Amino acid sequence: MGCYNKRPEETSDDFFVRIGNAVLARELTWDGASKVLNDELGKNFGECAYRKRFKAFRAGMQYQESLSNRDVGTCILSISDLHIPFQKPIETFSEYAGKIDILQVNGDCVDAQAISRFNKVYRKSPMEEILIARQYMIDLIEMLQPKKVVVNYGNHDLRFQNYLAKNLDTDLLELMPKTSLELIFVDGFNHYNKELHTKVHYDPLIDVFKDSGIEIVYNDTWFSFVGETIFVHPLAYSSGMLKTAEKAYRYFKDNDYFFDNIVMAHTHKTGHYDIGNSVIYEQGCCCETSKMDYADGKLTPSQREGFILVYQDKFGRLNEDKTRIVRLN
């Protein structure tokens, strides 16, 4: 019975709850539990008294838990800036499996490394990135099991269109999507392997998950609304602390959008502050920044890896007390 001794850091109530939970798990009987409790707490109660007390105590704990969760209507996990092939492993998010309502992907799913303007000593082709990104998203969604997935694009995703616009005739551009995300989530695509003379078709994720009950929403723009939260991935960038987020706030206010908070991707920074009645968050990035050497030697500020859990009440309003940024470095 040594494992059921009262620990030095435990209060009497904590110890009582631990022993009661051991009975619920059928590790102890109430008769055995009463002997442990009497020995450790110096009491002389019977098993019936302890059983009734635990029932009342547990009901009170459940009530307190229900109070703390009463204002939570929706839990949103927002990740951004995966920059595939530099993405964090999906195990980074494993503790949220089955615990979120919405997975929100806030842009820069792929890096488009091979078609960037930066010098590079090796290349990952756009097709390689698309194939990796598609499988990553399938694995992530299957692991998390959200009710809904909401996606918007970022500036790196738009490299796809910019490269095509630079290198193709405008007539051919009418056959092409704006980003590879459209191929992954909405349209599907074919991979023509010129070396092996093969063609493989890949279904879009809206079809992959159509019978699962998971809704897939792709917003063909740089922001997404969920309740009164705007998830944004702008093309603009300011190096000052939270300056890009402040610009986004001004943009949406000036254009008469209604919101109570903004979640900002793109900056690879983490932080939050208040403007008026709104909260502005910078959510960090979900890539291995040590493997991305775009700014190597340029003395730029360190990149911050992270993501955000946004909690909303049943009306879609921010629950600021529960919402938190999870920092990874």
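Note that these values count all heavy atoms, side chains included, but never hydrogens, waters or copies made by symmetry. Worth saying up front: this structure is predicted, and the values here are computed from it rather than measured.
- Between I308 and H272, the closest side-chain pair of non-hydrogen atoms is not below 4.5 Å.
- Remark: D139 CG to E91 CD distance equals 9.0 Å, nearest 0.5 Å.
- Dense packing is recorded around CG of D254, with more than 12 heavy atoms of other residues, nucleotides or ligands lying under 6.0 Å away.
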In residues 204-214, what donor-acceptor pairs under 3.5 Å come from side-chain atoms, sequence neighbours left out?
| from | atom 1 | to | atom 2 | distance (Å) |
| --- | --- | --- | --- | --- |
| S212 | OG | F209 | O | 2.6 |
| S212 | OG | I214 | N | 3.2 |

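- Contact annotation: the side chain of R7 approaches that of R18 to within less than 4.5 Å [non-hydrogen atoms, C-beta and beyond].
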**Request:** Kindly indicate, with the supporting measurements, whether the criterion side-chain hydrogen bond (donor to acceptor under 3.5 Å, both in side chains) is fulfilled by H266 and D81.
**Result:** CA-CA 7 Å; H266 181 49; D81 298 278; 5.2 Å; no
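- The shortest non-hydrogen separation linking G271 to I325 is O-CD1, 3.4 Å.
- At a threshold of 4.5 Å between non-hydrogen side-chain atoms, the residues L318 and V310 count as touching.
- A salt bridge links D31 with K35: the distance from a Lys NZ or Arg NE/NH1/NH2 to an Asp or Glu carboxylate oxygen falls below 4.0 Å.
- A donor-acceptor pair under 3.5 Å is absent between the side-chain atoms of Q135 and the main chain of I132, judged by distance alone.
- For the side chain to side chain donor-acceptor pair (under 3.5 Å) with Q312, the qualifying choice from T229, N261, D101, N319 is T229, the only one to do so.
- In terms of modelled atom types and a separation under 3.5 Å, the side chain of D157 and the main chain of D108 share a donor-acceptor contact.
- A side-chain donor from one of Q104 and N152 sits under 3.5 Å from a side-chain acceptor of the other.
- The two residues E10 and D14 have their closest heavy-atom pair at OE2-O, 4.0 Å.
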**Working for side-chain contact (heavy atoms from CB on, under 4.5 Å), residues M264 and S80** = CA-CA 9 Å; M264 166 74 64; S80 72; over 6 Å; no
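- The two residues S78 and N106 make their nearest non-hydrogen contact at OG-CB, 4.0 Å.
- For the pair K253 and F259, the distance from NZ or CZ to the six-membered ring centre is under 6.0 Å and the angle to the ring normal is within 45 degrees.
- Between the side chains of Y4 and E40, no donor N or O sits under 3.5 Å from an acceptor N or O.
- A heavy-atom distance below 4.5 Å is found between the side chains of E129 and P85.
- Ring centroids of F45 and W30 are separated by 6.0 Å or more, keeping the two rings apart.
- The minimum heavy-atom distance between N38 and N44, with the atom names listed, is OD1-N, 3.4 Å.
- Rounding to the nearest 0.5 Å gives a distance of 14.0 Å between CD of Q283 and NZ of K269.
- Both I138 and Y136 belong to a single network of hydrophobic side chains, linked directly or stepwise wherever heavy atoms of I, L, V, M, F, W or Y lie under 4.5 Å apart.
- A distance-only check finds a donor-acceptor pair linking the side chain of R159 to the backbone of D111 [under 3.5 Å].
- Between A265 and P234, the shortest heavy-atom contact is O-CD, 4.5 Å.
- Counting all heavy atoms, side chain and backbone alike, T323 lies closest to Y311 at OG1-N, 3.0 Å.
- Hydrophobic clustering (ILVMFWY, side-chain heavy atoms < 4.5 Å, transitive): F231 and F252 are in distinct clusters.
- For E288 and K88, the salt-bridge test passes: some basic side-chain N is under 4.0 Å from an acidic carboxylate O.
- Side chains of I280 and E246 form no contact here, defined as non-hydrogen atoms less than 4.5 Å apart.
- In this structure, R304 and R327 have side chains that are not in contact, with every pair of non-hydrogen atoms separated by 4.5 Å or more.
- Residues K43 and S34 form no side-chain contact, since every pair of their non-hydrogen atoms from C-beta on lies 4.5 Å or further apart.
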**Message:** Does D203 form a side-chain hydrogen bond (donor to acceptor under 3.5 Å, both in side chains) with H201? I'd like the steps, not just the answer.
**Reply:** CA-CA 7 Å; D203 291 330; H201 178 73; 3.2 Å; yes
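- Cluster membership check: V23 shares its hydrophobic cluster with V36, using side-chain heavy-atom separations under 4.5 Å among Ile, Leu, Val, Met, Phe, Trp and Tyr.
- Atom CD of E195 sits in a sparse spot, with 12 or fewer heavy atoms from other residues, nucleotides or ligands closer than 6.0 Å.
- At a threshold of 4.5 Å between side-chain heavy atoms, the hydrophobic network of Ile, Leu, Val, Met, Phe, Trp and Tyr places F54 and L37 in one connected group.
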**Asked** For Y251 and I230, what are the C-alpha separation, side-chain angles and deciding distance, and is it a side-chain contact (heavy atoms from CB on, under 4.5 Å)?
**Response** CA-CA 12 Å; Y251 171 85; I230 313 178; over 6 Å; no
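- A salt bridge links D313 and R317; the closest N-O separation between the charged side-chain nitrogens and carboxylate oxygens is under 4.0 Å.
- Both tests pass for R53 against the ring of F16: distance under 6.0 Å to the centre and angle within 45° of the axis.
- To the nearest 0.5 Å, atom SG of residue C109 and atom NE2 of residue H233 are 11.0 Å apart.
- The hydrophobic clustering, which links ILVMFWY residues whose side-chain heavy atoms are closer than 4.5 Å, places Y153 and V263 apart.
- Here the CG-CZ distance, from N255 to R250, works out to 13.5 Å after rounding to the nearest 0.5 Å.
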**Item:** Candidate pair F307 and T92, rule side-chain contact (heavy atoms from CB on, under 4.5 Å), full reasoning
**Value:** CA-CA 10 Å; F307 54 91; T92 305; 4.2 Å; yes
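- Here CD of Q303 is found 9.0 Å from CG of N329. Values are rounded to the nearest 0.5 Å.
- By the 4.5 Å heavy-atom criterion applied to side chains, Y50 and I19 are not counted as neighbours.
- Summarising the geometry, atom OH belonging to Y273 is positioned 10.5 Å from atom OG belonging to S278; distances are rounded to the nearest 0.5 Å.
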**Worked check of side-chain contact (heavy atoms from CB on, under 4.5 Å) between C75 and K322** = CA-CA 10 Å; C75 176; K322 284 187 170 290; over 6 Å; no
Please list every donor-acceptor pair under 3.5 Å in which a side-chain atom of residues 179-186 meets a protein atom from a residue at least two apart or in another chain.
| from | atom 1 | to | atom 2 | distance (Å) |
| --- | --- | --- | --- | --- |
| T179 | OG1 | L181 | N | 3.2 |
| T179 | OG1 | Y218 | OH | 3.2 |
| E182 | OE2 | K178 | N | 2.7 |
| E182 | OE2 | T179 | N | 3.1 |

